[in-house]
Amino acid sequence: MSIEHFDVVIIGAGLSGIGAGCRLRMRCPSKSYVIFEARKEIGGTWDLFRYPGVRSDSDMFTLGYPFRPWKDAKAIADGPAILKYVRETAREFGVDRHIRFQHRVISASWSSQDARWLLEAKAGENGETVRITCNFLYGCTGYYRYDHGYEPSFPGAENFRGRFVHPQHWPEDLDYAGKRVVVIGSGATAVTLVPAMAGTAAHVTMLQRSPSYILSLPSRDRLAGRLQRWLPARVAHGIMRWRNILISLGIYQLSRHRPNFMRRLFRDGAVKSLPQGYAVDTHFNPRYQPWDQRLCLIPDSDLYKAIRGGGASVSTGQIETFTEHGIRLESGEQLEADIVVSATGLQMLALGAVQLTVDGRAVEPGGAFIYKGVMLSNVPNFAFCVGYTNASWTLRADLSSTFVCRLLNHMDRHGYRTCQPECDPASLEAKPLLSLTSGYVLRGAASLPKQATEKPWIIRQNYILDMLTMKLSRMEDGILKFGKPLAAARGEAAGQVPAAYSADD
Ligand SMILES: Cc1cc2nc3c(=O)[nH]c(=O)nc-3n(C[C@H](O)[C@H](O)[C@H](O)COP(=O)(O)OP(=O)(O)OC[C@H]3O[C@@H](n4cnc5c(N)ncnc54)[C@H](O)[C@@H]3O)c2cc1C
């Protein structure tokens, strides 16, 4: 039976995979490609999460694609609006026609002899095995498990008689009107859920072990509204995008270099927005430095408003045990609950659990280094897409996709069939891929590829520097090694010039 072959296979039809398809169409129009998506729908994260109030915590001018303007002045968008934007982009660029839904890629095996990947996927409801080959594989699989969020084992959880919910699997039938709700967590999901449920529930308590940094921004951007009225959509989007890139870069750099100043700024914001005498230092003054963990953005001070209005409150402390009717803290405080939401985070997952092998050798992502934040050391014709943790995901995801296109075009121009960043892992000093100290990052660190202390193996959380590197740096840097077509290699062998891989051209 003949196996279908494509120039490129993209795994994943989330924000990144759809963006990658658009970039391929724009920059490598002659390449054949297909997107394998495990789920039945486009959108990844933005289709999976359905909890009340689900929204972005970065602005849509940078979370959106640079090539498709976000036309709404509401910069902090809700989940359905983001999903609609991703779906419309896929349709507009014809990327939706290239997606095979319900195709979960299980393994990808590289054969140097054929200079191809052989992929195996489980397709449809029955999990029928589908095989396909490609020249280049691009993983846009996100970074966490879809089937299971992270749930610590809570002492006495079995005693609780109410409903226990994880935001990753929000029950459609969950009626929380008039109910007492406890949301465990202090991250982006918790600070979104609490104000969203507060109007309807009898009361919502955000129960946190320790506080997070919170920054309130207007959900509607007045400048965007004006620019969108007067300028062509693309120009307005470009201006807003660059303004927000610079602002978020500024906040990050200040947080790293003037942490005490930023700590004061965040604290002052909380003091101004909360009732007089509120215990800001207990509930909103974290132990860690700004940007050691992801900053939580709230639109229009909605969390503070919910607290001021009395519909929500914050408890900071350790859980001693769940009881029949709620949770008892070590401090003795008792939180009565009909519903407990465990907004305790994600389980990190490398490369969508796809098992990679290179000529029969299994690739352990945790043992590999990441080249320019986009390729894996000693793995040929493979790239994967990771966004920023300190800025909008798409900023970096789009740089990855444009780099992949640049690489494919470079290979075509020079007649190369293969490319791989080469290194001796023992010669590099390994550092975790993500520099955050958040629980989910620390829990998953061992299974993720590593960065090193020297270029091009460093991950810089800096869009401007990354943009220069990804768009302008030399492809032939001596580390990214290219292989010539088999025919050319044979010709050279006949002429006694051994060159299976050639760094220069
Ligand atoms: C609740 C929530 C809110 C967030 N808010 C923001 C925000 O405001 N700003 C921001 O920058 N980031 C945010 N993020 C990070 C967010 O994940 C990214 O913004 C972005 O959605 C990631 O897109 P992606 O396509 O890379 O990954 P995903 O959205 O995770 O999509 C990956 C896709 O790949 C598919 N897939 C995975 N493995 C396989 C496989 N083996 N075979 C086939 N298909 C596979 C999945 O089914 C999925 O459709 C948020 C994350 C969460 C969970």
Side-chain angles (χ1 to χ4, degrees), residues 9-21 34-51 53-65 75-79 81-83 85-86 89-90 99-108 119-123 130 132 137-147 149-150 166-168 170 185 187-193 217 244 248 294-299 343 345-356 384-398 400-401 434 440 463:
V9 171
I10 297 169
I11 310 176
L15 195 56
S16 305
I18 297 300
V34 70
I35 302 181
F36 273 17
E37 168 53 56
R39 308 181 74 239
K40 290 181 183 168
E41 301 288 343
I42 286 175
T45 298
W46 301 105
D47 184 56
L48 176 74
F49 281 85
R50 300 291 175 111
Y51 58 77
V54 60
R55 58 160 172 81
S56 66
D57 62 358
S58 40
D59 69 278
M60 284 308 295
F61 301 104
T62 54
L63 188 63
Y65 305 109
I76 309 296
D78 58 37
I82 301 172
L83 185 57
Y85 170 83
V86 178
T89 307
I99 306 173
R100 309 242 171 121
F101 291 106
Q102 285 192 290
H103 278 59
R104 173 178 300 284
V105 180
I106 304 299
S107 65
L119 269 66
E120 259 189 26
K122 295 282 175 209
V130 169
I132 194 169
L137 180 60
Y138 188 22
C140 295
T141 53
Y143 59 99
Y144 64 89
R145 272 179 70 162
Y146 268 59
D147 55 345
Y150 174 66
H166 198 288
Q168 194 160 330
W170 196 263
T189 304
V191 304
T192 302
L193 267 169
L217 286 180
N244 292 351
S248 66
R294 215 179 142 93
L295 188 67
C296 291
L297 191 144
I298 56 170
L346 308 164
Q347 286 196 49
M348 300 279 268
L349 182 68
L351 313 179
V354 177
Q355 289 196 319
L356 293 182
F384 71 106
C385 188
V386 200
Y388 284 120
T389 49
N390 72 335
S392 281
W393 179 272
T394 318
L395 289 176
R396 186 160 224 306
D398 188 58
S400 295
S401 298
L434 304 174
Y440 71 97
Y463 178 73

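Atoms considered below: every heavy atom in the structure, side chains included; atoms not considered: hydrogens, waters and symmetry mates. Counting starts at 1 for both ligands and their atoms, in listed order.
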ring-ring contact (aromatic ring centres under 6.0 Å, His included) partners of Tyr463, counting only residues at least two apart: Trp242
Under 3.5 Å: donor-acceptor pair, side chain of Tyr146, backbone of Gly352: no
Near ligand 1, at a heavy-atom separation below 4.0 Å: residues by chain and residue number: Ile11, Gly12, Gly14, Leu15, Ser16, Phe36, Glu37, Ala38, Arg39, Gly44, Thr45, Trp46, Phe49, Tyr51, Ser56, Asp57, Ser58, Leu63, His103, Arg104, Val105, Cys140, Thr141, Gly142, Tyr143, Tyr144, Tyr146, Arg294, Gly352, Val354, Ala391, Ser392, Trp393
His166 side-chain N/O to Tyr150 backbone N/O, donor-acceptor pair under 3.5 Å: yes
Sidechain-backbone polar pair: Tyr138 side chain, Ser401 backbone, donor-acceptor under 3.5 Å: yes
Under 3.5 Å side-chain donor-acceptor pair for Thr192 and Tyr51: no
Backbone N/O of Arg100 and side chain of Glu37: donor-acceptor pair under 3.5 Å: no
